[in-house]
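Step one of this worksheet: look at the structure below.
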Amino acid sequence: MFRTVMDKLTACMQMKVTTFIMLMAAYFSLVLNQPVVNEIFTLSTNVPDVWFPYTAPLLLFFAFIIIFSCLAVPYLIKPIMIILTLTSAGALFSANTYHVLFDTDMMENIFETNTSEVSFYINASSLMFLFLYGVIPSILIACVNFNYRDSWVKEFTSRLILVLVSVTGIALIALTSYKDYASVGRNNHYLNRMIIPAHVYNTYKYINKTYLTTPLEYIELGQDATLVPAPNGKPTLLIFVLGETARGMNFHQNGYARETNPYTKDLGLVSFQDVSSCGTYTALSVPCMFSNMTRQQYNKKRANAQDNVVDVIARSGVETLWIDNDGGDKGVAKHTQLIKIDGSKQNKNCNGSTCYDTEMFAEAQRFIDKDDANKFLVLHSIGSHGPTYWQRYPDQNATFTPACNRSDIENCSDKEITNVYDNTLVYTDFILSKAIEMLKEYSEQYNVAMIYVSDHGESLGENGLYLHGTPYAIAPKEQTTVPWLMWLPKQYAQQKQIDLTCIEQKAQHQAISHDNLFHTLLGLYGINSADKNQSLDLTASCKISA
């Protein structure tokens with residue numbers, strides 16, 4: 001039965017290659033590039049030429065004819081177009097649903113996302129969308145039978161004519177609307193990154209940059225790093241909680257109306273009010289914030305080919321451990337002990353794909369108990385990772401209801417999305433309180449302290465944006481404003497000669513960023529090195545003279 005249907009379908013789909021190219025160009029320009037066409041219509045409201053936005057799909061149509069003509073290689077054209085169609089359908093879903101731009105940075109984010117994170121985005125809406133816009137067209141492409149012309153000369157000539165007509169069409173649009181395109185494009189550079197399938201070209205750029213270029217010569221930092229002993233003779237235990245997708249503006253300690261910090265509100269945390277992230281996605285922000293480079297200077301190749309702050313701390317004689325519950329350390333823990341939480345476990349904290357952040361504490365306890373050495377512990381939390389926000393906390397920790405307990409968050413109300421997101425922050429606050437509780441238990445044995453900083457923020461539907469990963473130049477503050485909290489007991493501050501009042505004043509009045517982290521961690525721990533920039537160390541100007 002199925003074979004009969006396919007045979008009849010195939011028989012009906014006899015066509016010339018040039019016809020196929022035009023049909024595919026029409027599908028990509030009119031259907032798969034709806035977002036960029038709609039954006040041009042929106043931006044053209046102040047353009048005098050009323051016909052200008054209508055030339056956008058026509059321009060794309062001609063451009064795709066030229067591109068697809070070059071890809072029309074016998075035996076390869078159908079596999080190529082199927083791959084382009086399937087991946088472009090996924091790109092269209094992300095663009096329509098989350099307003100994602102598939103530039104090189106986003107491709108880095110995708111390639112460095114683990115399989116469990118990919119599963120967060122699989123739901124009925126996404127699968128149905130991919131089936132309608134990707135799978136069905138791909139089946140039709142597979143069923144096409146090409147009728148080639150009598151000779152290769154005629155075949156080549158027909159395609160050449162098609163290309164020349166398209167070039168002429170582009171030239172005519174340029175003659176009549178060039179100034180409009182130049183004006184709109186100059187003020188909205190992101191438009192070219194909205195074109196689908198630009199993700200293919202940007203994938204090539206990412207692979208070439210990451211795997212096909214010669215690595216830089218490795219640089220060791222902090223070779224002179226020395227730890228200043230505490231006057232009381234106790235070793236130091238500093239826990240750094242690396243947050244995930246937490247935006248600072250939703251922290252009650254930063255003025256948010258809701259009580260999202262109920263567990264730590266009476267624990268004396270210092271909360272910095274104005275903190276900017278290095279990037280808008282984990283794969284960039286995490287290695288950047290642990291490097292000695294500022295956001296403006298940051299270069300991934302250089303970061304991979306030099307030490308980070310964890311390495312410098314270890315070089316001073318401190319034992320280091322990175323416990324990861326968020327899909328990877330992004331290369332930061334390449335020289336230190338790394339423990340990855342196994343999300344495939346089934347227990348009270350793990351559901352078979354991910355675990356609650358409390359699962360990290362058992363490993364943390366073992367690390368602290370093994371000896372009395374100076375220790376630096378990183379807890380990389382899954383925090384507020386979306387869109388499956390409700391899986392970040394147990395049901396009994398759902399403070400705000402009704403919550404959006406589904407991954408297709410575009411089908412939830414704004415209130416439900418905000419509720420479920422704020423619930424993740426409440427649970428993060430619970431994790432921080434547990435970390436402080438654990439540290440207090442060791443205060444007789446160690447000088448203890450904790451610092452919490454998130455990697456980037458999150459959009460919850462503001463201006464139609466969801467999740468994160470928007471290019472930094474156009475990213476909203478929701479994605480670039482992050483929380484930075486410090487818990488510094490009096491004993492720790494005294495032993496490290498830190499003026500707590502000074503730190504509190506900085507937290508209230510000084511704008512800071514991830515640029516400060518490398519240098520502040522060294523200053524906070526009491527490590528001296530020529531590689532520490534005093535102007536970026538938040539503790540440097542708050543030191544008490546001996």
Side-chain angles (χ1 to χ4, degrees), residues 105 108-118 120 206 210-211 215 218-222 238-246 277-293 298-315 318-345 350 353-364 366-367 375-385 392 428 431 435 450-456 468-469 482 514 517-518 521-522 525:
D105 289 342
E108 176 185 16
N109 189 25
I110 291 172
F111 275 98
E112 298 194 17
T113 296
N114 62 23
T115 53
S116 66
E117 290 183 29
V118 174
F120 301 159
Y206 167 77
T210 305
Y211 302 108
Y218 197 88
I219 296 176
E220 292 185 346
L221 300 177
L238 176 61
I239 292 181
F240 180 85
V241 182
L242 174 56
E244 169 63 37
T245 321
S277 67
C278 189
T280 60
Y281 59 96
T282 305
L284 188 154
S285 266
V286 169
C288 178
M289 65 196 290
F290 281 88
S291 79
N292 68 340
M293 290 176 276
Y298 181 71
N299 178 278
K300 181 181 178 181
K301 284 184 65 178
R302 170 44 60 203
N304 288 336
Q306 69 177 34
D307 289 336
N308 55 61
V309 69
V310 180
D311 301 322
V312 175
I313 291 173
R315 185 160 286 125
V318 176
E319 292 184 4
T320 60
L321 172 65
W322 184 294
I323 302 177
D324 202 286
N325 192 38
D326 190 39
D329 62 297
K330 310 308 177 187
V332 178
K334 55 182 176 288
H335 295 142
T336 193
Q337 183 184 0
L338 171 64
I339 296 176
K340 295 184 178 181
I341 299 300
D342 182 7
S344 65
K345 293 187 294 186
C350 304
S353 60
T354 61
C355 295
Y356 302 133
D357 284 324
T358 192
E359 186 70 9
M360 294 188 287
F361 285 117
E363 294 291 352
R366 278 190 281 272
F367 173 66
K375 292 183 174 69
F376 178 68
L377 172 61
V378 179
L379 301 178
H380 187 189
S381 67
I382 197 169
S384 302
H385 200 302
R392 306 295 161 251
T428 292
I431 294 298
M450 185 197 73
I451 183 171
Y452 166 82
V453 186
S454 184
D455 58 353
H456 54 77
H468 53 267
V482 295
H514 281 166
L517 185 63
F518 178 100
L521 281 177
L522 294 180
Y525 206 101

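All values derive from a computational prediction rather than experimental measurement.
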- request: Answer yes or no: is there a side-chain heavy-atom contact under 4.5 Å between N325 and Y356?
  value: no
task: Given side-chain contact (heavy atoms from CB on, under 4.5 Å), test H335 with T320 step by step and report yes or no.
output: CA-CA 10 Å; H335 295 142; T320 60; over 6 Å; no
- prompt: Would you say the side chain of R392 lies within less than 4.5 Å of the side chain of T354, judging by non-hydrogen atoms?
  reply: yes
- request: Only counting residues at least two apart or in another chain, list the ones meeting side-chain contact (heavy atoms from CB on, under 4.5 Å) with S285.
  value: S277, C278, D455, H456, H514
query: Pick from V453, V332, L284: which one makes a side chain to side chain contact (heavy atoms under 4.5 Å, CB included) with M289?
result: V453
message: Do L238 and F240 have side chains that approach each other closer than 4.5 Å (heavy atoms only, starting at C-beta)?
response: no
query: So, Y525 side chain and K375 main chain: donor-acceptor pair closer than 3.5 Å or not?
result: yes
- request: Look up atom OH in Y452 and atom CD1 in I431, then write down how far apart they are to the nearest 0.5 Å.
  value: 10.5 Å
message: Checking K345 now: which residues fulfil salt bridge (charged side-chain N to carboxylate O under 4.0 Å, His left out) with it, not counting sequence neighbours?
response: E359
Partner residues of A364 under the side-chain contact (heavy atoms from CB on, under 4.5 Å) criterion, sequence neighbours left out: I323, L377, L379, M438
query: Do the non-hydrogen side-chain atoms of S291 and Y298 ever get within less than 4.5 Å of each other?
result: yes
statement: When every non-hydrogen atom of G343 is compared with those of C350, the smallest separation belongs to O-CB, 4.3 Å
query: Looking at residues at least two apart in the chain, or sitting in another chain, which of them share a side chain to side chain donor-acceptor pair (under 3.5 Å) with D307?
result: Y218, R315
statement: To the nearest 0.5 Å, atom CG of D342 lies from atom NZ of K340 at 11.0 Å
query: If we only count heavy atoms from C-beta on, is the L321 to V378 side-chain gap below 4.5 Å?
result: no
Q306-N292 side chain donor-acceptor pair, cut-off 3.5 Å: yes
- prompt: Sub-3.5 Å donor-acceptor pair from the side chain of D311 to the main-chain atoms of N308, do we have one?
  reply: yes
- line: Sorted by chain and residue number, the side-chain contact (heavy atoms from CB on, under 4.5 Å) partners of S381 (sequence neighbours excluded) come out as D357, M360
query: Is the closest side-chain heavy-atom distance between F518 and V312 below 4.5 Å?
result: yes
query: Could you walk me through whether I451 and V241 pass the side-chain contact (heavy atoms from CB on, under 4.5 Å) check?
result: CA-CA 6 Å; I451 183 171; V241 182; over 6 Å; no
Salt bridge (charged side-chain N to carboxylate O under 4.0 Å, His left out) against K300, all qualifying residues, sequence neighbours excluded: E108, E112
message: Before we go on, tell me: are the rings of F376 and F367 under 6.0 Å apart, centre to centre?
response: no
message: Applying side chain to side chain donor-acceptor pair (under 3.5 Å), can you list everything that pairs with R366, at least two apart in sequence or on another chain?
response: E363
message: If you define the side chain from C-beta out and look only at heavy atoms, does anything of D324 sit under 4.5 Å from I339?
response: no
message: Looking only at side-chain N and O atoms, does T282 offer a donor or acceptor that is under 3.5 Å from a partner on E244?
response: yes
message: Checking A333 now: which residues fulfil side-chain contact (heavy atoms from CB on, under 4.5 Å) with it, not counting sequence neighbours?
response: W322, D329, T336, L338
